[in-house]
Amino acid sequence: MNTISPVMPSRTKSLTIGDADWVRYALVVLTLAIIGVFLILPLATVLIEAFAKGWTAYASSLTHPDTVAAIKLTLLTAAITVPLTTVFGVSAAWAIARFEFRGKSLLITLIDLPFSVSPVIAGLIYVLIFGAQGWFGSWFSDHDIKIIFAVPGIVLATLFVTFPFVARELIPLMQEIGHEEEEAALSLGASGWQTFFKITLPNIKWGLLYGVLLCNARAMGEFGAVSVVSGHIRGLTNTLPLHIEVSYNEYDFVGAFASASLLAGLAVVTLVVKTFLEWKQKQDLKA
Amino acid sequence: MSQSNIMPGFRPAIGFTLFYLALIVLIPLSAMLLKTFQLSLDEYWAILTNPRVLASFRVSFGSALIAAAFSGIFGFIIAWTLVRYPFPGKKVFDALIDLPFALPTAVAGIVLAAIYEPKGWIGKLVMEAFGIQIAYKPLGIVFALIFIGLPFVVRTIEPVLQEFDKAMEEAAASLGATRLQTFIKVILPNILPAAITGFALAFARGVGEYGSVIFIAGNMPYVSEIVPLLIITKLEQYDYAGATAIGLTMLLLSFLLLLSVNGLQWWVRRRSGQL
Amino acid sequence: MSITLSNISKRFGAFSALNNINLEIPDGDLVALLGPSGCGKTTLLRIIAGLEQADQGDVFLRGDKVTDKSVKNRHIGFVFQHYALFRHMTVFDNIAFGLRVKPSKDRPSEAVIRKRVHDLLSLVQLDWLHDRFPDQLSGGQRQRIALARALAVEPSVLLLDEPFGALDASVRKDLRLWLRHLHHELDVTTIFVTHDQEEAMEVASQIVVLNKGKIEQKGTPSEIYDSPSNDFVSHFIGQTNVFDLQKGDSAWLKSAGIVLDDAEGITAHVRPHHIGVEKLSDGSASPIILKDWQHLGATIRLELSNEGLNGSAKTIYAEMPSDQFKQLGLDKGDKVSLFIKHAHWFNLAKPQVPEAATDFYV
């Protein structure tokens with residue numbers, strides 16, 4: 001019998017394929033430097049600037065009525081846009097991933113379109129339609145309905161910029177999962193809605209949450225598009241990002257960074273949950 | 001339209017999809033086309049050839065191009081390190097890459113301005129060491145756009161590097177290639193299409209970017225005024241036609257660029273047998 | 001000697017992949033490294049190539065110690081299991097790669113490279129594919145291009161990792177013989193890894209059987225098949241009936257006319273074609289019946305059962321030429337008697353003497 005010595009001296013010099021050690025170290029250091037300067041430093045700066053004048057200044061700027069109003073409007077906007085974008089995303093994914101029809105790839109391209117449109121243009125197009133000089137502007141003002149420089153405009157612009165978020169996650173996911181399980185359920189007598197809620201939804205839940213999460217982050221953080229349609233009316237049409245801009249332009253830096261710290265916190269939570277969802281979805285697809 | 005398929009719900013799903021798409025995206029976007037068509041060609045041309053407008057196009061496209069190139073290089077290095085080398089805290093750094101996606105642009109804007117302004121942490125360092133001012137200059141726009149573009153490049157290159165068959169590297173080495181030869185002749189050509197895609201995405205995003213740029217740009221007409229800001233300025237002056245003409249032109253130019261990048265992509269893939 | 005391995009050991013964490021391997025392979029041999037998956041055969045091949053480094057031991061190629069040389073400097077040709085063809089290069093550029101990356105002083109002129117690539121392409125009979133990309137080739141074609149690419153640098157040793165593993169059964173058959181003939185033509189010392197014993201028997205001139213990081217036996221296909229040095233080899237190569245005498249299989253052997261006094265730790269391996277079958281008249285009292293039979297081409301496989309026998313109830317397989325089967329006129333349910341023509345005995349109680357395997361002839 002051969003006995004195996006428990007510790008074998010491993011050879012120091014590595015001959016196997018790969019990069020030299022100095023290349024590895026140099027690239028790791030360079031990577032950490034880039035991430036440090038471009039990503040970690042900005043995140044840290046938010047907190048440092050927000051607390052530059054101490055905790056009380058931070059707290060009082062967050063409890064200022066204008067800030068509170070901005071937070072409320074941001075939450076309201078997200079509460080309207082996220083469900084709409086989600087319903088659209090699910091129905092688009094169902095049509096695209098489960099059926100064959102002509103013009104399908106054109107439809108996918110069109111769904112992605114808002115990604116490649118500048119947010120400022122997203123705001124502009126609604127001003128053209130609903131603005132004072134816009135096509136329907138006079139009709140709406142005759143009926144005393146305000147869209148531009150009011151909450152409906154903000155919601156519309158946010159709907160545009162978040163448009164692809166859920167659909168884009170679900171289409172490839174549902175294509176990958178395939179439709180055998182749904183067909184099995186239907187063949188066993190399940191109705192369409194039963195199939196959707198008992199089979200489809202459990203299969204896509206992590207991807208769906210992922211899309212909702214990113215959609216929510218964008219809805220709460222959108223600046224350019226909202227900036228065009230909002231009119232920056234304090235306490236009325238300022239979302240949190242707009243409130244940051246106004247405070248910053250008035251040299252209220254603590255106020256600007258205090259509000260920014262809320263959104264930065266949202267971003268960090270989004271990243272953490274996103275990483276968790278990616279992990280969950282990978283587990284599901286493996287199983 | 002749907003093929004013999006027992007799956008239910010095609011009509012309501014496609015119906016709602018098309019209705020919502022038309023309502024939120026297509027009709028509003030076509031409003032921009034209609035508005036522009038109300039202008040005569042001469043009027044349109046006069047708006048575009050205004051020196052201030054031309055300058056803003058140069059600033060927007062030029063800085064987006066330079067920033068996308070840097071994002072490309074930095075992103076490649078980061079993706080390579082994250083995929084290939086183990087180091088402590090790698091998962092956290094990997095998750096952080098998406099920060100520019102998740103961080104609202106207004107936050108990014110004021111933070112970057114605070115860091116790179118002449119009294120800011122890095123702005124001061126660079127000012128004292130090289131006498132160069134970053135913020136409130138075109139250079140500031142480039143820095144903001146590198147921040148915005150980085151994740152696009154990393155996230156397109158990462159999966160391709162992960163799926164890259166390492167046996168190809170071993171094969172090259174067994175045939176006598178040096179590490180550098182292996183990198184240039186075997187690895188790089190396989191990563192290039194993804195790198196180009198990442199570059200194009202970063203570029204397209206950079207051209208239209210507004211929030212993260214305006215705080216750091218200084219917004220000097222003719223020098224550091226970007227196209228989206230000029231559109232807003234025109235709107236505030238109730239010059240809807242001018243704003244729309246500029247917006248549509250920017251949109252078309254971006255599409256044209258994306259299209260030609262797609263063409264380049266196709267050509268690279270074809271040359272390398274991936275089509 | 002073309003390849004000498006001395007005391008090669010390799011561990012992956014707590015797992016011992018290779019344990020003190022010593023092996024000599026003469027010039028011009030065509031050797032199969034054969035073993036079940038996880039036995040260490042691929043690791044051994046990669047250590048010879050320099051793609052992996054052994055924890056202990058040395059590798060010699062043509063007498064030179066190459067343990068500390070990288071794969072680039074070992075002048076071996078390696079064919080990867082999934083070929084690892086460069087996807088972004090044409091077939092021509094793939095084969096020319098090894099020549100083009102040589103330092104400029106050793107690099108042949110482009111005209112010489114072109115000639116050499118076309119020679120290799122005609123050697124593998126695929127000259128007409130030179131401007132295709134790997135994705136446009138079939139599995140068998142990729143296999144041959146990978147081989148041509150490895151041969152382009154005129155390696156002193158050719159190493160192939162599961163060369164037929166990723167191919168369809170029909171293509172595999174053709175390529176096996178083709179590889180054997182190509183080896184005759186080129187006379188390059190060749191080692192290939194396989195888990196398929198039939199493939200090893202058909203292609204190789206020498207077979208090295210590996211199991212759990214150790215060499216179980218080395219020899220020609222006939223030696224391995226006819227005189228397995230232990231029960232693992234006997235069981236792994238070809239089909240065999242295993243009789244464990246302690247577990248009551250002695251009844252089987254008794255029915256075949258063999259009685260052992262001391263059954264302690266004894267296992268008998270009998271190949272199906274070493275079992276003779278004779279038909280018995282209906283009235284006789286044999287406990288063994290023919291349960292089923294299958295036509296395998298030139299031979300017939302018989303499934304025999306010992307339902308009437310006390311002790312273990314299992315199926316025993318015998319094989320005979322189909323002509324002989326016809327002559328016997330057997331049918332399902334017929335009573336038969338057995339006789340064993342040839343058996344291998346292994347004493348598992350004394351594993352330290354695996355050579356104690358005995359041939360038993362009746």
Side-chain angles (χ1 to χ4, degrees), chain A residues 17 19 24 27-28 30-31 34-35 38-39 41-43 45-46 49 88 91-92 94-95 98-101 110-111 113-114 116-121 124-129 133 159-160 163 179 182-183 186 192 217 221 223-224 228 241 244-245 248 256-257 260 263-264 267 270-271 274-275, chain B residues 1-3 5-10 13-14 16-17 20-21 24-25 28-29 31-32 35 74 77-78 80-81 85 87 93 95-96 98-99 102-108 110-112 114-115 146-147 150 169-170 173 179 204 208 210-211 215 228 231-232 235 240 243-244 247 250-251 254 258:
Chain A
I17 315 299
D19 304 309
R24 288 166 176 263
L27 288 179
V28 170
L30 197 56
T31 295
I34 298 170
I35 293 178
F38 278 94
L39 303 176
L41 184 61
L43 210 50
T45 305
V46 177
E49 295 284 340
F88 163 73
S91 87
W94 184 264
R98 290 291 174 265
F99 299 92
E100 291 304 320
F101 53 92
L110 288 177
I111 288 174
L113 191 63
S116 41
V117 172
S118 170
V120 170
I121 291 180
L124 167 72
I125 53 181
Y126 291 106
V127 173
L128 290 182
I129 294 178
Q133 296 183 359
L159 283 177
F160 183 92
F163 188 81
H179 45 72
E182 283 145 6
E183 284 175 349
L186 292 165
F223 177 67
V228 175
I244 292 174
E245 184 195 18
Y248 188 85
F257 280 100
L263 289 175
T270 302
L271 287 187
K274 173 175 172 293
T275 309
Chain B
M1 282 223 289
S2 75
Q3 291 179 343
N5 194 330
I6 64 163
M7 211 69 76
F10 178 68
I14 193 76
F16 178 69
T17 301
Y20 192 77
L21 176 73
I24 300 293
V25 178
L29 271 181
M32 198 161 67
K35 186 82 189 172
F74 291 163
I77 292 170
I78 293 175
W80 179 270
T81 310
Y85 309 142
F87 57 91
F93 290 117
L96 257 178
D98 284 327
L99 181 72
L103 194 70
T105 54
V107 179
I110 62 168
V111 164
L112 292 174
I115 293 175
I146 293 175
F147 171 83
L150 213 48
E169 282 170 65
E170 294 183 341
R179 187 65 189 151
Y210 175 70
F215 296 98
I231 293 173
I232 288 191
L235 273 180
Y240 284 17
T244 312
M250 178 170 85
L251 208 59
S254 310
L258 277 181

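Labels below follow one simple rule: chain letters A, B, ... track the order of the sequence lines, proteins then strands, and each chain is numbered from 1. Given the structure is predicted, the values throughout are model-derived calculations rather than measurements.
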Nearest-0.5 Å distance, [atom1] of residue [X] to [atom2] of residue [Y]:
X        : Y        : atom1 : atom2 : value
A:Ile35  : B:Leu96  : CD1   : CG    : 7.0 Å
B:Phe215 : A:Glu245 : CZ    : CD    : 4.5 Å
B:Leu251 : A:Ile121 : CG    : CD1   : 4.5 Å
A:Leu27  : B:Phe87  : CG    : CZ    : 10.5 Å
A:Ile34  : B:Ile77  : CD1   : CD1   : 5.0 Å
A:Leu39  : B:Phe93  : CG    : CZ    : 10.0 Å

What's the shortest heavy-atom distance between [X] and [Y], and which atoms?
X        : Y        : answer
A:Gly192 : B:Pro8   : CA-CG, 3.6 Å
B:Gly208 : A:Pro119 : O-CD, 3.6 Å
B:Ile14  : A:Phe101 : CD1-CZ, 3.7 Å

Checklist entry - Going through the checks in order, is the side chain to side chain contact (heavy atoms under 4.5 Å, CB included) test met by B:Tyr20 and A:Leu159? => result CA-CA 10 Å; B:Tyr20 192 77; A:Leu159 283 177; 3.2 Å; yes
Checklist outcome for this item: Exactly one of A:Leu124, A:Ile125, A:Val127 clears side-chain contact (heavy atoms from CB on, under 4.5 Å) with B:Thr244, and that residue is A:Leu124
Under 4.5 Å heavy-atom distance to chain A, tell me which part of [X] shows up: side chain, backbone, both or neither.
X        : value
B:Leu235 : side chain
B:Phe74  : both
B:Ala204 : neither

At a heavy-atom separation under 4.5 Å, does [X] approach chain B through its side chain, its backbone, both, or neither?
X        : value
A:Phe38  : both
A:Tyr248 : side chain
A:Pro114 : side chain

Count the heavy-atom pairs under 4.5 Å between each of [options] and chain A, then report the option with the highest count.
options                                : value
B:Leu21, B:Ile231, B:Ile232            : B:Leu21
B:Tyr85, B:Tyr210, B:Phe147            : B:Tyr85
B:Leu112, B:Leu150, B:Ile115, B:Ile146 : B:Ile115

Checklist entry - Is any side-chain heavy atom of B:Leu103 less than 4.5 Å from a side-chain heavy atom of A:Val46? => result no
